[in-house]
Asks: 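Have a look at the structure that comes next, please.
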Number of protein chains: 2
Amino acid sequence: MTANTPRPTLQSIARQLGLHVSTVSRVLNGPEGEGARAASGETGERIRRLAAELGYRPNPHATSLRTQRSNLIGVMVPRLSDVVLATIYEGIEEAAAELRLSTFVTNTWDRPETQRARTQMILDRRVDGLVFGDAHADGRLLDEVAARGTKFVLVNRRAGDYPAVTCDDYLGGRLVADHLLGLGHENVAVIAGPPYASTGLDRAAGFADRYREAGIALPAERIVPSGFDTAGGRAAAQRLLSAPARPTALFAVNDFTAIGAAGAARDHGLRMGEDIAIAGFNDIPLAAELPVPLTSVRSDMHEMGRRAARLLAGIIAGEGPVTSERLAPTLVVRSSTCRPPDSPT
Amino acid sequence: MTANTPRPTLQSIARQLGLHVSTVSRVLNGPEGEGARAASGETGERIRRLAAELGYRPNPHATSLRTQRSNLIGVMVPRLSDVVLATIYEGIEEAAAELRLSTFVTNTWDRPETQRARTQMILDRRVDGLVFGDAHADGRLLDEVAARGTKFVLVNRRAGDYPAVTCDDYLGGRLVADHLLGLGHENVAVIAGPPYASTGLDRAAGFADRYREAGIALPAERIVPSGFDTAGGRAAAQRLLSAPARPTALFAVNDFTAIGAAGAARDHGLRMGEDIAIAGFNDIPLAAELPVPLTSVRSDMHEMGRRAARLLAGIIAGEGPVTSERLAPTLVVRSSTCRPPDSPT
DNA sequence: CTGAAAGCGCTTACAG
DNA sequence: CTGAAAGCGCTTACAG
């Protein structure tokens, strides 16, 4: 295909073959049934041969205009340079491509105005559906989007009763609590992430519930909100480690927060994995590569993305009842979580 | 806008106002000049008012079909879960949105077959242009794409004479060499990345040239290829540190590779920043957060992405001569680069 | 199995 | 300043 040759169209192919455009359409892009039948005919063979020779590719804008289906989906994420979201998006994009869906992805920075503006921008592109990876617990924007009849699913974070594919964050929090309890930690704290994200909320809740079941109630000041980045983790840990009865173990609801917390611990002269235990969440690839490898909860983010794409595709296709999915996490124990310093060996 | 109301179209607006669709089109979506003139008329006011009230949004598929312009661009990256590429993409997406362009982004894993297949998939979507963030030095695929008359730019990696926005990687390599020479390192090695990426090649070349100018020629076995991830850095460093006259400093052409190298150093009982100097490239956010903060070359990846988007937009618009851009890097010195262990203080 | 027709929602050169 | 017409490239119900 050289630069000057105009792209072939159904029309141009029909003309060259002395056929009608509708015939060519049915053979090349028609539904399976018809295409298959047409396949038998010798005409079908001629059409297919010429189309292949010319490198015919249907014009998706024409198809979308005609069918009112764009085969496009939009994906909203807080920020793609966060490896957690990037990995989820990779899963979405991969599964979407398998389903012949193309994706637009955009950052919303977790800011409501940006979320609203970018959602509108994506809807203006006439996507068939949306994946929200930035849902806020209040669900206000989602309510509006749902009211318009727009199809969507949530991924990573849940909100209300909207269909969502998430990690079982509550269970993940419990797993960490189990582990720290087993090591003998009774004086612990949680760096809980921002208050609008179900991930942090559920992880913290699972952790606190498990401790409560063990007879240890975490006081409110031991569950501190934070950003999801290293700076947030550092600041939160700084506060916790300056308190009177310093905790012997920290559960950060995200690995970056945990890395920031490790920095704060260092500033306090504490060695992670020896003087203080720190656990994170997500098991990002770097967790295992740190000088003191980080104990973390592994969730299959790529698979989460794949499932979200498929769930959305099902909804778009109008398939049966929609049920949210919750992936089981596993705890990966590494050397960052030691026993309490004064514990008997 | 409720679920059951059909979306307004130019037609529906024209009908409600007793006007012709072409009039409405000119007022709502027409070129600046006409729109402005139409603005004065009282009719224009009525049209605009109703459109706003109904929440009219032009159907981009219809517009694209008619104008043969999709306002869509495609972005090819090795993998989005690499924070370097994710950050570049954020810049592309941000600038593209400002230019009213929407972007498709896809992973190609640096595999030629995938690159080819995904490029075709993106072109099938009738994008107006492409940004390649995964160019291979041989430029084979790019030659094919160029031969079709497709418009594109490269970002991060350059190839042939195709328009590209890159970091001045050669200069970056020189900066690191300057720094290590200043510290007194004469026995050094480079972990150079894969042989198909201009980034690693140029960084290694700048480094080696600067050392040569200082009278120190790096033997070939001191410039070892690697992957761009921690595993690759670890393996390469493992080899280098097992050699007879062990280098006192390592330049890894990427921060992940440097982190992997630090792991290998630890395995050899070497403390980074005390027994061995290690420098990276890109200054990813984590570099400053490591227990031993990493010396690295900073390149403004977000800005690189923004410029690539604008360069492509210029090419699509058919504006003047196209010139590649090369952003100046800066060296960020941190504690990972110490003097050679046996150097006089 | 193939053809003819209508129409998805827009833009734009041509009249008036 | 506004209208009428043509057409971008497809799909699909209706005939034959």
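Please read these numbers as outputs of a predicted model, since none were measured by experiment.
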Asks: Could you point out which residue of B/Val131, B/Asp134, B/Thr114 forms a side chain to side chain contact (heavy atoms under 4.5 Å, CB included) with B/Met76?
Replies: B/Asp134
Asks: Under 4.0 Å between any heavy atoms, over every strand shown, what does B/Thr9 touch: base, sugar-phosphate, or nothing? Just pick one.
Replies: sugar-phosphate
Asks: Under a 3.5 Å cut-off for both distances, is D/dA4 Watson-Crick or wobble paired, and to whom?
Replies: none
Asks: Regarding C/dG3, can its base be found pairing with the side chain of A/Arg26 as donor and acceptor, where the two atoms are less than 3.5 Å apart?
Replies: yes
Asks: Determine: side-chain N/O of B/Thr23 to OP1/OP2 of D/dG3, distance under 4.0 Å, yes or no.
Replies: yes
Asks: Check the distance between C/dC10's P and A/Arg125's CZ and give it to me in whole angstrom.
Replies: 14 Å
Asks: Taking atom types as modelled and ignoring hydrogens, do the side chains of A/Ser81 and B/Glu90 form a donor-acceptor contact shorter than 3.5 angstrom?
Replies: yes
Asks: Pairing check on C/dA13: which nucleotide meets the Watson-Crick or G-U wobble criteria with it, both distances under 3.5 Å?
Replies: none
Asks: Without decimals, in angstroms, what is the distance between B/Asn59 CG and D/dC10 P?
Replies: 16 Å
Asks: C/dC10, OP1 or OP2 - any side-chain N/O from B/Thr67 closer than 4.0 Å?
Replies: no
Asks: Taking the side chain of B/Ser25 as heavy atoms from C-beta outward, which of D/dA4, C/dT11, D/dT11 is closest to it?
Replies: C/dT11
Asks: To the nearest angstrom, how far is B/Arg66 atom CZ from C/dT11 atom P?
Replies: 9 Å
Asks: Both B/Ala62 and B/His20 contact DNA chain C. Taking the nearest nucleotide for each, which residue is further toward the 5' end?
Replies: B/Ala62
Asks: Given atom CZ of A/Arg69 and atom C1' of D/dT12, what is their separation to the nearest angstrom?
Replies: 16 Å
Asks: Take the protein atom CG of B/Leu17 and the nucleotide atom P of D/dG3, then report the distance between them rounded to whole Å.
Replies: 10 Å
Asks: Ignoring backbone atoms, test whether A/Thr43 places a side-chain nitrogen or oxygen under 4.0 Å from the OP1 or OP2 oxygen of C/dT2.
Replies: yes
Asks: Are the side chains of A/Asn59 and A/Thr9 in contact, using a 4.5 Å heavy-atom criterion?
Replies: no
Asks: Kindly say if A/Gln11 contacts the phosphate of D/dG7, meaning a side-chain N or O under 4.0 Å from OP1 or OP2.
Replies: no
Asks: Side-chain N or O of B/Gln68 versus OP1/OP2 of D/dG7: is the shortest distance under 4.0 Å?
Replies: no
Asks: Please check the phosphate of C/dT2 (OP1 and OP2 only) for any side-chain N or O of A/Ser22 closer than 4.0 Å.
Replies: no
Asks: How many Å lie between CZ on A/Arg46 and P on C/dC1, as a whole number?
Replies: 16 Å
Asks: Please determine, by modelled atom types, if B/Arg157 and B/Thr199 share a side-chain donor-acceptor pair under 3.5 angstrom.
Replies: no
Asks: What closest approach, in Å, do A/Ala309 and A/Ile92 show between heavy atoms, and which atom pair accounts for it?
Replies: CB-O, 3.7 Å
Asks: Over all strands shown, is B/Pro60 touching base, sugar-phosphate only, or nothing at heavy-atom distances under 4.0 angstrom?
Replies: nothing
